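Quick caveat: nothing in here was measured; it's all calculated off a predicted structure.
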Amino acid sequence: MSRFRYPIDNDQFQEIREQGLLYVDKTDMMYDLANRYKYIFLARPRRFGKSLLCNTFKAYFQGQKELFEGLKVMKLEKQWKKFPVLHFILSGLKDCSLDDAKGKLELLISKYEKDFGRNEAEKTPGARFSGLIHRAFEQTGEKVVVILDEYDSAIMRLMYMPEQLDEMRSLLREFYQVLKDEGEYLRFVFITGVTKFSQLSIFSELNNLNQISFDDKYSGLCGITQEELDTTLRPCIEEYADALNVTVDEAYALLKKNYDGYHFSPRSKDVYAPFSLLKALDKQTTDPYWFDSGTSKSLIDHLQHQPEFNPLDFDGAELSINAFNVPCEKASTPIPLLYQSGYLTIASYDKELDSYTLHFPNYEVRRGMIESLTNYLMDADDLERDAAVLLMARAFKNSDLSTALLGLRSWIASLPYDIITQKEWMAKKKREAFYKLLIYVIFSMLNSKVDTEVKSILGRADVVIKTKTDIFVLELKVDDSVENALAQIDSKGYAIPYEADDRKVTKCGVCISSEQRNITHWRITDAEGCILNEMKF
């Protein structure tokens, strides 16, 4: 058991400080924001520390100086002035009917009306909110601070329910409109969410709202950066390494593989998922904590409206910021929601082309995403899939690609016969993508690294599988020949990037028959083209 006390189930800044739980100090950025801007919006994935940040702002504006002793803000703030703070946590509006949402919103307002009073003539949530701001200002003589946490909770799952969505928007629009109308009485407004919806007055009316979600300067505001891991959390990593009986460098590598990789701007700091990282350090394991804590139902709902959805279509997608950072209800692909929800992240930025490449951020998300979508995409049986994974894992441990492909072939044979027609992947290009997906899914569950559509100077390799000892470069052909598949690997130079690697490079052409709906032929060669194994069915 760890000797450190981690706030893995606590986002209350006051309790964390009073109980001496581990706290990664970001109060210098908090101070900068509080004294630089009036209206701020921050989008980050769930369980990324948004609520803790909201509670930190709350304590700061309430003048709770004693909670900040020893933190960076103590060298910056001299006055510690106290403001009236209205802090609304809107997660309770999730999955609510219109009437229930209205009732819960009014309940949140009534908590502050106990302090500042209520005018019975104010009937709607918006009117009560407006009156509350006026009375808080009048009674304290100070402008009001408003914190809205998880502003989008009420509408995340209504994107494909037009009538309900419009009704909920109307309710929220009136409430959020107050933030613009009462601007002269407001000192600071901080809004958080996972996604952005364009048809709410937060974005359409607050034209002075500073969206810092994509700002390099604040990329490490939520989450834990590599720098913080190397300094503040260094003793925690050393304890973690001891518990796992590995070196400190190996512990860093393990945590990086599983929980690192988030980038929220063109030159973003390297950010770890804080929930998973702290859980791993506390439990001294490497389980998929963030993903297992709840795959968003809205994500699955969104994907169900994309009949030709395929993870291979977006893992490695290269596009402009406007293409993946648009309001979710206006998007024609799942990519904006996947990015804004944390399932995809910025892998690289090409300044010359002003384009971004998106990837799964880490092993936890990549594996969790594929596993959670396997049944939806392929109606696959978990037991048969897991049996195939175990067979293939043993084969890869012995550098035996042929046996691994036999296992994959058996698993494909166990899938429902009409699966491809069900998923509307009948065109040759779509069939090829479907089989790439099968290979991607099954290999992703192994302790190997799978890349698809891997770029080289002349083209893209279909699949590259990396283990500790081997690199396998695969080219898939539907209703074609293994000769053409291997010829493409050579002509396009797919194996060239790995020539300097110490691991053994193996090339493999795989032929798939649309008539038999399975792998029917493969040929495996070494880097020089000598045949190592060939099987035809």
Side-chain angles (χ1 to χ4, degrees), residues 7 9-42 44 48-92 105 107-118 128-151 175-176 178-179 182-193 209-210 212 218 221-222:
D9 56 356
N10 195 331
D11 58 16
Q12 301 299 307
F13 176 74
Q14 181 171 341
E15 292 181 9
I16 289 172
R17 295 296 290 163
E18 290 177 345
Q19 296 174 18
L21 304 182
L22 183 139
Y23 177 73
V24 178
D25 188 0
K26 300 178 184 289
T27 58
D28 53 338
M29 285 188 281
M30 176 207 69
Y31 175 86
D32 178 68
L33 287 169
N35 292 280
R36 181 183 296 271
Y37 302 120
K38 182 173 181 177
Y39 293 94
I40 298 175
F41 173 72
L42 174 67
R44 284 294 183 268
F48 243 81
K50 299 188 299 296
S51 294
L52 174 58
L53 180 60
C54 287
N55 284 309
T56 308
F57 272 119
K58 180 180 179 180
Y60 169 72
F61 279 110
Q62 287 180 334
Q64 295 180 277
K65 179 179 179 181
E66 68 281 0
L67 298 179
F68 294 88
E69 289 295 335
L71 300 182
K72 296 173 183 176
V73 70
M74 293 300 291
K75 297 180 180 179
L76 302 170
E77 182 58 71
K78 306 303 180 184
Q79 295 183 330
W80 291 99
K81 196 172 183 180
K82 185 175 181 179
F83 297 88
V85 178
L86 306 179
H87 181 197
F88 298 101
I89 303 172
L90 301 175
S91 56
L105 194 56
L107 189 62
L108 293 174
I109 296 170
S110 68
K111 181 178 70 171
Y112 292 104
E113 288 175 334
K114 292 178 181 178
D115 296 325
F116 300 110
R118 178 186 175 183
R128 290 174 64 178
F129 185 26
S130 178
L132 184 60
I133 290 173
H134 277 261
R135 288 188 293 276
F137 172 74
E138 292 166 357
Q139 293 174 28
T140 65
E142 298 291 348
K143 290 189 176 183
V144 179
V145 171
V146 175
I147 300 172
L148 300 179
D149 194 11
E150 299 190 48
Y151 91 99
F175 181 75
Y176 295 145
V178 173
L179 297 175
E182 307 301 340
E184 63 181 301
Y185 302 103
L186 298 175
R187 161 65 176 83
F188 182 75
V189 176
F190 186 64
I191 305 167
T192 79
L209 182 64
N210 292 282
I212 63 169
Y218 304 111
L221 183 61
C222 289

Quiz item: Between L209 and V189, is a side-chain contact (heavy atoms from CB on, under 4.5 Å) present by the stated rule, with each step listed?
Solution: CA-CA 9 Å; L209 182 64; V189 176; 5.9 Å; no

Quiz item: side-chain contact (heavy atoms from CB on, under 4.5 Å) between L53 and L42: does it pass, once the steps are laid out?
Solution: CA-CA 10 Å; L53 180 60; L42 174 67; 3.9 Å; yes

Quiz item: How close do T192 and C54 get, heavy atom to heavy atom, and via which atoms?
Solution: CG2-SG, 3.6 Å

Quiz prompt | Close aromatic pair by centroid cut-off 6.0 Å: F41 and Y151 | solution = yes

Exercise. Identify the residue among L132, V178, L186 that makes a side chain to side chain contact (heavy atoms under 4.5 Å, CB included) with V146.
Key: L186

Self-check item: Side-chain (Y37) to main-chain (I212) donor-acceptor, under 3.5 angstrom
Solution: no

Practice problem: Look up atom CZ in R17 and atom OG1 in T56, then write down how far apart they are to the nearest 0.5 Å. | Solution: 9.5 Å

Quiz prompt | K50 side chain to R44 backbone, donor-acceptor under 3.5 Å | solution = yes

Quiz item: Distance-only, no hydrogens or angles: does the R135 side chain make a donor-acceptor pair with backbone N or O of F116 under 3.5 Å?
Solution: yes

Quiz item: Among L67, N10, N55, which residue meets the side chain to side chain contact (heavy atoms under 4.5 Å, CB included) test with I16?
Solution: N10

Exercise. Report the C-alpha distance between V144 and Y112 in whole Å, list the side-chain angles of each, state the deciding distance to 0.1 Å, and finish with yes or no for side-chain contact (heavy atoms from CB on, under 4.5 Å).
Key: CA-CA 12 Å; V144 179; Y112 292 104; over 6 Å; no

Self-check item: Verdict with supporting geometry, L86 and F129, side-chain contact (heavy atoms from CB on, under 4.5 Å)
Solution: CA-CA 10 Å; L86 306 179; F129 185 26; 4.1 Å; yes

Quiz prompt | Short side-chain to backbone donor-acceptor contact, E69 and L71, under 3.5 Å | solution = no

Practice problem: Can you sort out the partners of K81 under salt bridge (charged side-chain N to carboxylate O under 4.0 Å, His left out), two or more places apart, ordered by chain and number? | Solution: E142

Quiz item: Would you say the side chain of W80 lies within less than 4.5 Å of the side chain of M74, judging by non-hydrogen atoms?
Solution: yes

Quiz item: Looking at CG of L108 and CD of E113, how far apart are the two atoms once the value is rounded to the nearest 0.5 Å?
Solution: 11.0 Å

Practice problem: State the CD1-CG distance between I89 and L148, to the nearest 0.5 angstrom. | Solution: 11.0 Å

Practice problem: Answer yes or no: is there a side-chain heavy-atom contact under 4.5 Å between E77 and F68? | Solution: no

Practice problem: Could you tell me if the ring centre of F88 sits under 6.0 Å from that of F175? | Solution: yes

Quiz item: Roughly how far apart are K82 NZ and K65 NZ, rounded to 0.5 Å?
Solution: 15.0 Å

Practice problem: Compare all side-chain heavy atoms of F13 with those of F57 and state whether any distance is below 4.5 angstrom. | Solution: no

Quiz item: Side chains of Q12 and P7: does their closest heavy-atom pair fall under 4.5 Å?
Solution: no

Self-check item: Spatial distance of atom OH (Y60) from atom CZ (F83) [nearest 0.5 Å]
Solution: 7.5 Å

Quiz item: Would you say E150 and S51 make side-chain contact, with heavy atoms under 4.5 Å?
Solution: yes

Quiz item: Taking all non-hydrogen atoms of both residues, which atom of A34 and which atom of F188 are closest, and how far apart?
Solution: CA-CE1, 3.7 Å

Quiz item: What residues form a side chain to side chain donor-acceptor pair (under 3.5 Å) with T27, not counting sequence neighbours?
Solution: D25

Quiz prompt | Nearest atoms (heavy-atom pairs only) where E184 meets K38 | solution = N-NZ, 4.4 Å

Practice problem: For the residue pair N35 and L76, establish whether any side-chain heavy-atom pair is separated by less than 4.5 Å. | Solution: no

Quiz item: Under 3.5 Å, side chain of N210 to main-chain N/O of I40, donor-acceptor pair present?
Solution: no

Exercise. Kindly indicate whether the side chain of D28, heavy atoms from C-beta on, has any atom under 4.5 Å from the side chain of D32.
Key: no

Quiz item: At what distance, to the nearest 0.5 angstrom, does CE of M29 lie from OH of Y218?
Solution: 9.0 Å

Practice problem: Measure across Y39 and G183 and return the closest heavy-atom pair with its distance rounded to 0.1 Å. | Solution: OH-CA, 3.3 Å

